Amino acid sequence: MEASAPFVHHLGVFASDFEASQRFYTAVLKPLGITARYRAGGVVEHWSPERDTPSLSLERAENASATTRRMHIAVTAGSREAVNAFRAAAVMGIFENGRGRSSPPLAWPLNCVRRVGIEEQSSITRM
């Protein structure tokens with residue numbers, strides 16, 4: 001029998017504003033211990049230093065019709081503090097995405113979850 005592997009290997013997100021999206025993801029994933037571990041022209045892949053899967057692959061969309069839309073991603077946090085740090089980074093990323101206070105770089109929500117018993121602590125960023 002093969003070793004257990006995560007259900008999802010990676011998610012690919014195609015961004016129309018790659019630079020702003022890269023800044024946003026770097027900021028919101030950092031409090032969760034997820035960092036950019038691979039970079040090559042138009043691709044940045046984020047994962048945990050302990051495991052390379054699952055990962056989030058941010059890619060430059062070749063044209064507007066190739067941009068990822070209407071997608072929801074929920075990421076796991078190890079503590080309530082990490083949820084709060086995620087939210088703070090997300091709010092800053094929405095309002096200061098490299099072009100001053102303008103539209104966010106993404107068009108879908110990003111959610112950070114920490115389960116404690118049967119309760120769920122959550123931070124949702126609506127974009």
Side-chain angles (χ1 to χ4, degrees):
M1 178 178 230
E2 290 185 35
S4 176
F7 174 66
V8 174
H9 185 273
H10 70 276
L11 296 171
V13 176
F14 297 86
S16 58
D17 187 336
F18 180 76
E19 287 73 20
S21 296
Q22 181 178 344
R23 286 190 301 275
F24 179 83
Y25 278 107
T26 298
V28 300
L29 295 174
K30 182 178 180 180
L32 308 177
I34 307 299
T35 57
R37 317 275 306 164
Y38 172 81
R39 294 178 193 271
V43 176
V44 176
E45 196 157 355
H46 297 82
W47 67 79
S48 167
E50 295 86 37
R51 296 178 27 180
D52 65 352
T53 59
S55 66
L56 179 87
S57 178
L58 177 64
E59 301 179 36
R60 184 183 316 274
E62 294 299 320
N63 56 58
S65 66
T67 301
T68 301
R69 300 202 183 281
R70 301 209 179 269
M71 182 174 166
H72 176 96
I73 298 175
V75 293
T76 304
S79 68
R80 182 65 199 170
E81 292 76 22
V83 172
N84 293 340
F86 169 92
R87 178 158 176 65
V91 168
M92 288 302 295
I94 290 170
F95 293 111
E96 297 178 11
N97 64 19
R99 296 182 305 249
R101 296 189 181 278
S102 60
S103 62
L106 307 170
W108 38 267
L110 186 62
N111 189 47
C112 181
V113 176
R114 164 132 170 89
R115 292 191 186 275
V116 181
I118 59 170
E119 293 183 33
E120 182 175 288
Q121 301 170 344
S122 183
S123 172
I124 298 175
T125 304
R126 301 220 180 263
M127 297 184 221

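Computed from a prediction, not measured in an experiment: that's the story for all the values here. All residue numbers in this chain count up from 1 along the given sequence.
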Requested in this report: Could you tell me which non-hydrogen atom of S16 sits nearest to which non-hydrogen atom of A61, and how far apart they are?
Outcome: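 In terms of heavy atoms, the two residues are closest at N-CB, 4.2 Å.
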**Report entry** Heavy-atom closest pair, residues P31 and A85
**Finding:**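 Residues P31 and A85, closest heavy atoms: CB-CB, 3.4 Å.
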Report yes if the side chains of [X] and [Y] come closer than 4.5 Å at any heavy-atom pair, otherwise no.
{"X": "R69", "Y": "T67", "value": "yes"}
{"X": "H10", "Y": "E45", "value": "yes"}
{"X": "S57", "Y": "H46", "value": "no"}
{"X": "Y25", "Y": "L56", "value": "yes"}

Determine whether [X] and [Y] fall in the same hydrophobic cluster, where Ile, Leu, Val, Met, Phe, Trp and Tyr are linked whenever their side-chain heavy atoms lie under 4.5 Å apart.
{"X": "V28", "Y": "F14", "value": "no"}
{"X": "W47", "Y": "L11", "value": "no"}
{"X": "V75", "Y": "L58", "value": "yes"}
{"X": "F24", "Y": "V43", "value": "no"}

Query raised in the report: Between the side chain of T26 and the main-chain N/O of R23, is any donor-acceptor distance below 3.5 Å?
Result: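 No, the answer is negative, given that no donor and acceptor are paired below the 3.5 Å cut-off.
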Report task. Answer yes or no: is there a donor N or O on one side and an acceptor on the other, between the side chain of S48 and the main chain of E50, under 3.5 Å? Result ->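 Checked: pair present.
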Query raised in the report: What distance do I34 atom CD1 and F86 atom CZ have between them, rounded to the nearest 0.5 Å?
Result: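 With rounding to 0.5 Å, CD1 (I34) is 11.0 Å from CZ (F86).
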Requested in this report: Output the distance between atom CD (Q22) and atom CZ (R60), rounded to the nearest 0.5 Å.
Outcome: 8.5 Å
**Report entry** Donor-acceptor pair between S21 and E19 side chains, under 3.5 angstrom
**Finding:**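 Note: S21 and E19 side chains miss the donor-acceptor criterion.
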